[in-house]
Number of protein chains: 2
Amino acid sequence: MARMSSTDRRVELVHAALRVIAAKGVAAATTRAIVAEAGMSLASFHYAFTSRDEMMRELIAYVVENETVAAVDSIPAGGDIRSIIEEAMRAYLKLLIDNPGHEQVMFELMHYAVRTPGLEALATEQYERYRAAVSELLEGAATLTGVTWSMPVNEIARIVVTYTDGFSLAWLSDRDDAAAERVIVFAAESLSRLAVSATQTSDSATPVR
Amino acid sequence: MARMSSTDRRVELVHAALRVIAAKGVAAATTRAIVAEAGMSLASFHYAFTSRDEMMRELIAYVVENETVAAVDSIPAGGDIRSIIEEAMRAYLKLLIDNPGHEQVMFELMHYAVRTPGLEALATEQYERYRAAVSELLEGAATLTGVTWSMPVNEIARIVVTYTDGFSLAWLSDRDDAAAERVIVFAAESLSRLAVSATQTSDSATPVR
DNA sequence: GTCTATAAGGAGATAGAC
DNA sequence: GTCTATCTCCTTATAGAC
């Protein structure tokens, strides 16, 4: 194996670990399985990382840093706010269906982080980043359609993530595409009620309470 | 240790395993940890079960069979349909806050089942049972308040479980009670729109689409 | 039926040659 | 820097005494 900077090696090992985890779960991501996937020797692992724990910390930090919701790229152009939300959620569902392993890894890593002393903060940060990404999407959609949100956008993002996490778990358990889409239709409808047409007075919208 | 029927021993070992998992996660539920928790010898484990895998199958089947949502017992008596839904969800949130380990175990076991060949069906069944329990609650609440549901109750139950799973995950990651309650307020509001006052004609209600 | 003792293998981590 | 070989510990599972 050619020489490689320690940083590159760390990144490569993290990627290999993610592939192993996606294929077989967190429990199967032993140092041996990881180096086999990366095509390295076992000693190289401990040359790059002092311990498996350190690698897992870096892996989760990497995921939290880089894995923002990919669906954020694809704001559908036309339509009203309801259909934009619906289409964005459908796009996310498609990602899930096309690559169930990926989303399951996110869930498993989140549980791992919550369980592991010293890593709890990473789980919190992971969700903050989800909400931040969704918030951007919500603001973009509002601008596009000329509405304003009747609630802090971050609060709405929390509801969106509640929906996406919820139907993702259900889908992972029963793989029922149609049922997930029905939930999405309901979700988009309920969320669009939080949008106020900018030309309306604010109390013409339906407040939540 | 007194003699004990093999069935009793199996049940006791499953309970011990659940305690270990709640405290330290699925990965920490080794046969040794389990028998230590149960106060048995290692050999007793393999007298009761042929393998750890068999125990895990029985454990998940046990959980799926017995762990229906405890909040179902506590339908709040007074109020309209919206406040009943809200109070029931608050009751569930209280369960979560009082015993986070329990709900986390449910999530982890679900992921374990989805990952393990031969156990996928148990994950599906777990969610079906959740929905069945919630469906009962929804029908009870509808009867109590004299409304009918404008959608199949099982579909509404799916949305309810989407909400509860979603805000449970978020709460596990950030422990933000107030944020969870705000989601619950929104959820109850959105769900109550699916209720049609029995004296109204059905099209006076707001359909989802 | 229940125990102690142990087999057999996989895990993380390290020593030391090159 | 990277490798092979190995250490030590912990895992599931079993053998065999009582």
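Lettering of chains follows the sequences in order, A, B, ..., and the numbering in each one begins at 1.
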Within the 6.0 Å centroid threshold, strictly below: A:F49 and A:F45: yes
Measure from CE on A:M40 to C1' on D:dT4 and round the result to the nearest Å. 17 Å
Modelled atom types, side-chain donor and acceptor of A:Q126 and A:Y130, under 3.5 Å: yes
Verify, without hydrogens or angle tests, whether A:R52 (side chain) and A:A29 (backbone) share a donor-acceptor contact under 3.5 angstrom. yes
Protein-nucleotide distance (A:D8, atom CG; D:dG1, atom P), rounded to Å: 12 Å
For A:S44 and D:dC3, is the shortest distance between a side-chain N/O and OP1 or OP2 below 4.0 Å? yes
Protein-nucleotide distance (A:F45, atom CZ; D:dC3, atom C1'), rounded to Å: 17 Å
Quick one: does A:R32 reach the base of C:dG12 with a side-chain donor-acceptor pair under 3.5 Å? yes
Atom-to-atom span, CD1 of A:I34 to C1' of C:dG10 - whole angstrom: 14 Å
A:D165 versus A:S168, side-chain donor and acceptor atoms under 3.5 Å: no
Near-strand residues of residues 49-60 of chain B, defined as heavy-atom separation under 4.0 angstrom from DNA chain C: none
A:Y127 and B:D176 side chains, donor-acceptor separation under 3.5 Å: no
Calculate the interatomic distance between A:Y47 atom OH and C:dT14 atom C1'; express it in whole Å. 15 Å
Per atom distances to the B:A43 side chain, the nearest of D:dT14, D:dA13, D:dT2 is D:dT14
Integer-rounded Å distance: D:dC10 P and B:K24 NZ: 13 Å
A:H46 NE2 to D:dC3 C1', straight-line distance once rounded to whole Å: 14 Å
So, applying side chain to side chain contact (heavy atoms under 4.5 Å, CB included) with B:I81, which one of B:T145, B:V196, B:L191 is it? B:T145
